[in-house]
There are 2 protein chains.
Amino acid sequence: MGRPGAYPKGVARRREILDRAIEVFQERGLQGTSLRRIAEAIGVSHAALLHYFASREQLLVAVYEHAETQRGVRHPVPPETAVGVMTRAAVDNVEVPGLVELYSILVAGALEAGSDYGKRFFTARFERIRRELTERILAEQRAGTVRDDVPAEQLAALLVAASDGLQIQWLLEPSIELERTLASWTVLLRPQ
Amino acid sequence: MGRPGAYPKGVARRREILDRAIEVFQERGLQGTSLRRIAEAIGVSHAALLHYFASREQLLVAVYEHAETQRGVRHPVPPETAVGVMTRAAVDNVEVPGLVELYSILVAGALEAGSDYGKRFFTARFERIRRELTERILAEQRAGTVRDDVPAEQLAALLVAASDGLQIQWLLEPSIELERTLASWTVLLRPQ
DNA sequence: GTCTATACGAAGATAGAC
DNA sequence: GTCTATCTTCGTATAGAC
């Protein structure tokens with residue numbers, strides 16, 4: 001099908017675009033990360049980028065994925081409680097400059113009509129994260145360390161939602177104590 | 001200071017701009033709501049809009065405020081629990097087409113450097129909502145209907161965050177049952 | 001105070017040549 | 001695979017009429 005990425009040179013180019021895009025993004029912010037600026041940093045025309053990414057949105061999603069993957073490599077997830085996993089991820093997120101902004105913009109864009117790619121990506125991402133968290137919570141409920149009078153699926157959705165929402169609140173008002181507030185979930189989930 | 005809105009015509013114009021903007025927004029989505037399209041719907045030049053709103057962002061924030069105020073008029077908030085207030089607001093939100101998209105885009109934009117107006121607006125808004133919710137929770141804690149082993153301020157922040165985050169998840173995956181999931185907070189907040 | 005006309009610069013996207 | 005050239009649209013700014 002001739003999709004870029006299947007051949008060595010295409011793979012390298014694609015990676016270079018992402019690397020440069022991340023640099024531009026961290027130097028000039030999201031609004032300064034236009035196709036033209038990224039292309040300029042590489043030394044090609046902006047139209048060339050669209051050979052590897054169908055749109056700016058897809059490129060930015062790839063940037064987000066790339067940044068997230070790299071972080072996952074640095075901090076492999078040890079066996080931990082659901083609350084611990086979520087809290088750690090949230091704290092890690094807000095420590096990467098611009099990451100929450102990027103995530104928020106992309107998610108918001110995914111809600112809009114016409115954003116097929118972003119919608120698919122984040123729908124799948126939310127589903128995966130909720131599923132993983134649900135598994136952890138189920139195990140903890142069976143072990144008796146988490147209350148079981150609320151379905152694990154609902155707790156998972158609430159944990160993800162609270163984490164996303166609180167990162168935003170924290171960016172606007174750092175006095176809210178992100179980590180401590182999320183850690184309160186441990187108390188809320190204590191068995192009856 | 002010559003701020004528009006002090007004279008009858010200006011007040012009416014300002015309101016008309018907001019009304020038309022909402023219409024355009026609901027018909028064509030957020031991306032289709034450019035200054036030029038709104039102006040076209042009214043029959044003025046797009047530069048005229050900037051006489052009443054300093055930027056597109058400020059206009060959209062005003063649109064959001066307007067929509068939110070109108071909804072508040074239709075559904076006055078009766079004395080209710082914190083969880084009830086939050087759940088009702090969330091359900092109301094997702095029922096207005098495009099409202100969560102608009103809110104999400106504006107909040108995400110407020111996180112970006114250079115967004116002074118949006119940053120101020122949403123910082124103040126979050127603070128106000130957290131404060132009102134904290135008051136409600138404190139009263140319920142004193143009444144013994146809500147657990148008091150987690151500070152009311154933290155519970156308020158978590159409720160707001162979970163509500164915001166879950167509205168987004170619901171838009172992407174309506175099977176998660178927004179209302180029922182948020183209602184689970186009642187169980188989580190039950191006194192020990 | 002209200003508004004039109006106009007211009008600027010930047011953006012995403014596309015077409016077609018090489 | 002990459003380019004140049006171009007299209008269209010956008011937000012914003014300014015000058016000036018009424």
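Reckoned from all heavy atoms, side chains included, excluding hydrogens, waters and symmetry mates. Throughout, protein chains are lettered first and strands after them, A, B, ... in sequence-line order, and every chain is numbered starting at 1.
- Spacing between atom CZ of A:Phe53 and atom P of C:dA13 amounts to 13 Å, rounded to whole angstrom units.
- A:Phe122 is linked by a ring pair (Phe, Tyr, Trp, His ring centres under 6.0 Å) to A:Tyr103, counting only residues two or more places apart in sequence or in another chain.
- Sorted by first and then second residue, the pairs that involve residues 143-152 of chain B and meet side chain to side chain donor-acceptor pair (under 3.5 Å), not counting sequence neighbours, are B:Arg147-B:Asp149.
- Within the structure, the ring-ring contact (aromatic ring centres under 6.0 Å, His included) test picks out no pair touching residues 140-162 of chain A (sequence neighbours left out).
- Direction of the helix axis in the helix from C:dG1-D:dC18 to C:dC18-D:dG1 shifts by 10° between the two five-pair termini, rounded to 10°.
- No side-chain donor from either of B:Glu153 and B:Thr134 sits under 3.5 Å from a side-chain acceptor of the other.
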Inset, instruction - Give the B/S/- string for nucleotides 2-18 of chain D, one per nucleotide from 5' to 3', where a protein heavy atom under 4.0 Å of the base yields B, of only the sugar-phosphate yields S, and otherwise -. - result: BSB-----BBBB-----
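- Following rounding to the nearest Å, A:Leu60 (CG) and C:dG12 (C1') show an atom-to-atom distance of 12 Å.
- Side-chain N/O atoms of A:Arg125 and A:Tyr64 include a donor and acceptor closer than 3.5 Å.
- Relative orientation of the A:Trp185 and B:Trp185 rings is tilted, given thresholds of 30° and 60° on the angle between their planes.
- Looking only at distances, no side-chain donor or acceptor of B:Ser163 sits under 3.5 Å from a matching main-chain atom of B:Leu159.
- Here B:Trp170 pairs with nothing under the ring pair (Phe, Tyr, Trp, His ring centres under 6.0 Å) rule; sequence neighbours left out.
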